[in-house]
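In what follows, a structure is listed as C-alpha cells, so that the remarks can point back to it.
Residue numbers count from 1 along this sequence. Keep in mind the model is a prediction, meaning the values are calculated, not measured.
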Amino acid sequence: EAADEVGTSGAAIPLEITCDDEAAKIYGDPGTLPANKGEIIACTTDSPISRDALQSTVDANGYVGTTLTSGAEVYRVLYRTERGNDEPGYSSAIVYVPDTPRAEQLPVIVASHGSRGQAPNCAPSLFHADGDYVRIDFERLVFPLVGAGYAVIAPDLAGYANYGAEGNPPSAYASAVDVSRSTLDGVKALRNLIGPYLTDEVIVTGHSQGGHTALSTLALAESYGVDGTLAGVVVYAPLWLSQRTWGAIFLLADSYPIAESPVTSAVTVWYHYTHGELLDGAGHGLDVFQEDERDSIKEFIDTSCWASSYPILESLGTLLTDLFDPSYTESIKMPAALGTECGDSASCNTWMDRFADDRPHIEDSAADVPLLFVYG
C-alpha cells in the first residue's frame, strides 16, 4: 500500500531506520562493527536537492537527454563491509532517494566513482574543495540517474572514512577484491535503508577507475554474494587495462616524466602504496619506495586528490624511477612489460600476482549479465 502511494503521489520514500546521526560520525571511529555486512552503522540526513537544482547542474555539465523529473532526499551512511585482506571494514557513502520515484519499486543502483586520490578529503560524499577537480565526473555519473527518479547509493569505498585508523588501510587503488566488496555491500546498505521500495534487480555503474570497480564487482559477485540479481553493468571509459601497467611503466620511465605525465605517475604511486598497506600491513605501503623519499610519499598519499599536477612528486625527482627502490623497479619492469620470468625475486613474484588478481575476468555466470561498455 505504501509503495502504491509513492508510485502515484510522488511522496518521499520513508526510511527503514532513523537517520539523525551527526555528520562527523559518518567519517569517524565506527566503534564495534556489527556482524552483518551491509548493516548501517551511522546515518545522517543532508539537505534535499530539488529537481530544478539537479537540472541546472547537469545542464551546466553538458547533459543531453530527457528533462529530469525528480529531486531527491540526500543521506550519508557508514556501513559494514569486508576488505581485500579479508578483515572487517566499513565504507561511507552518499545516498539519493528520489522525491518523485519513477516506479512503485526501483532497482538498486550502485554508482562507482572515478579516480579521485586516496586521501580522506578525496571521498566523493564529502564534496570537499580538495576534490573539486573531478567533482563534475561524479555529478555526470550520478545526477542524471537521480533526476530520472532512481534511488542511487554511491560508496566512497572502505578506507576513506576514519582514515589512517588502526586496522583501516586506505582504499586500495584498483584492487579488484577490495573495491568490489564495498560495492556489493553497498547494495545491502541501500536495502537496509529503503528495502520495501526496491526490486530484486541490481545495476552497477562506474566511470574510469569506477569502471574497473564495476567490472570487478561483476566478476566477483558470484563468489562474494550479491543481495539480489545483478541485472546489468554500465561502464564509461573504464580503467580496462592490465594493472601490470604500473610495473611496466618503469621500463619506459624516460617517456613518462613526472611533470609531463602526472596521471600515470600518481596512479603508479597510489597503486603500490595502497596495495602494500592493505596486503602487507600498516607501514609497508612504503616498502617499494626509495628510503629517503618515504616521508614525502606518505605526505602525498595523505593530502593529494586528483589534480592537473603533483608538486610533491615533482619535488622528489624527474622520473618515477627516482621515487622507487631500484631493486624493485629493476626486478619488475621486464616481467610486467614483456612477460619474462621474475626468477628468485620475491617482490617481483608478489607484485606480478597482484597485477593479475586485479584484472577481473568476465566469465561463467558473469558473462551472462548485460553489459554496456562506453568510450567517447
Side-chain angles (χ1 to χ4, degrees), residues 5-7 9-27 40 42-79 91-114 116 121-156 160-161 186 189-194 197-198 203 205-207 210 234 236:
E5 181 180 347
V6 169
S9 71
I13 294 174
L15 303 185
E16 293 295 293
I17 63 170
T18 57
C19 195
D20 55 6
D21 291 307
E22 296 292 329
K25 191 169 182 182
I26 304 300
Y27 305 101
I40 294 175
C43 181
T44 187
T45 301
D46 285 358
S47 298
I49 184 167
S50 69
R51 187 210 69 84
D52 288 346
L54 282 173
Q55 187 74 60
S56 176
T57 301
V58 299
D59 287 347
N61 292 344
Y63 171 75
V64 177
T66 57
T67 301
L68 303 187
T69 58
S70 181
E73 302 295 328
V74 185
Y75 308 95
R76 278 179 284 168
V77 298
L78 183 69
Y79 61 89
S91 175
S92 49
I94 191 164
V95 180
Y96 297 91
V97 178
D99 56 29
T100 308
R102 64 184 293 112
E104 295 176 4
Q105 287 187 303
L106 304 168
V108 173
I109 296 183
V110 187
S112 302
H113 64 78
R116 302 183 61 88
N121 287 345
C122 308
S125 71
L126 279 175
F127 290 100
H128 193 282
D130 289 354
D132 277 353
Y133 190 77
V134 285
R135 178 170 178 159
I136 189 174
D137 292 345
F138 181 81
E139 292 173 346
R140 282 173 167 165
L141 176 69
V142 175
F143 283 7
L145 293 167
V146 176
Y150 290 107
V152 180
I153 183 168
D156 292 331
Y160 284 99
L190 188 59
R191 293 198 186 282
N192 285 330
L193 197 66
I194 57 167
Y197 299 89
L198 299 171
I203 304 291
T205 184
H207 165 248
V234 182
Y236 305 95

**OP:** Could you pull out the closest heavy-atom pair between Pro98 and Leu106, with the gap in Å?
**Re:** CG-CD1, 3.8 Å
Original post:
Can you name the residues that form a side-chain contact (heavy atoms from CB on, under 4.5 Å) with Asn61, not counting sequence neighbours?
Top reply: Thr57, Ile136, Glu139, Arg140
Original post:
For Ile194 and Leu15, what are the C-alpha separation, side-chain angles and deciding distance, and is it a side chain to side chain contact (heavy atoms under 4.5 Å, CB included)?
Top reply: CA-CA 5 Å; Ile194 57 167; Leu15 303 185; 3.7 Å; yes
Subject >> salt bridge (charged side-chain N to carboxylate O under 4.0 Å, His left out) partners for Asp21, two or more places apart >> reply: Lys25
**OP:** For Tyr236, enumerate each residue passing the ring-ring contact (aromatic ring centres under 6.0 Å, His included) test, keeping only those at least two apart in sequence or located in another chain.
**Re:** none
Original post:
Taking only residues two or more places apart in sequence or in another chain, which ones pass side-chain hydrogen bond (donor to acceptor under 3.5 Å, both in side chains) with Tyr63?
Top reply: none
**OP:** Under the side-chain hydrogen bond (donor to acceptor under 3.5 Å, both in side chains) rule, collect the residues that match up with Tyr150, sequence neighbours excluded.
**Re:** Arg102
**OP:** Using side-chain contact (heavy atoms from CB on, under 4.5 Å) as the criterion, list what pairs up with Ser56, not counting sequence neighbours.
**Re:** none
**OP:** List in chain and number order the residues that pass side-chain contact (heavy atoms from CB on, under 4.5 Å) with Thr67, two or more places apart in sequence or in another chain; answer none if no residue qualifies.
**Re:** Arg51, Gln55
**OP:** Could you tell me the separation between the CG atom of Asp156 and the CG atom of Leu126, rounded to the nearest 0.5 Å?
**Re:** 6.5 Å
Original post:
Listed by chain and number, what are the salt bridge (charged side-chain N to carboxylate O under 4.0 Å, His left out) partners of Arg116, not counting sequence neighbours?
Top reply: none
Original post:
At their closest point, which heavy atom of Pro48 faces which heavy atom of Val74, and how far apart are they?
Top reply: CA-CG2, 4.3 Å
**OP:** List for me each residue that meets ring-ring contact (aromatic ring centres under 6.0 Å, His included) alongside Phe143, sequence neighbours excluded, and say none if there are none.
**Re:** Tyr96
Subject >> Residues in ring-ring contact (aromatic ring centres under 6.0 Å, His included) contact with Tyr160, at least two apart in sequence or another chain >> reply: none
**OP:** Report the residues that fulfil side-chain hydrogen bond (donor to acceptor under 3.5 Å, both in side chains) with Asn192, sequence neighbours left out, ordered by chain and then residue number.
**Re:** none
**OP:** Report yes if some heavy atom in the side chain of Tyr27 is under 4.5 Å from a heavy atom in the side chain of Ser125; otherwise report no.
**Re:** yes
Subject >> With Thr205 via side-chain hydrogen bond (donor to acceptor under 3.5 Å, both in side chains) - residues at least two apart >> reply: none
Original post:
Got a second to check how far Glu22's CD is from Thr44's OG1, nearest 0.5 Å?
Top reply: 7.0 Å
**OP:** Calculate, to the nearest 0.5 Å, the distance between atoms CD1 and SG belonging to Ile17 and Cys43 respectively.
**Re:** 4.5 Å
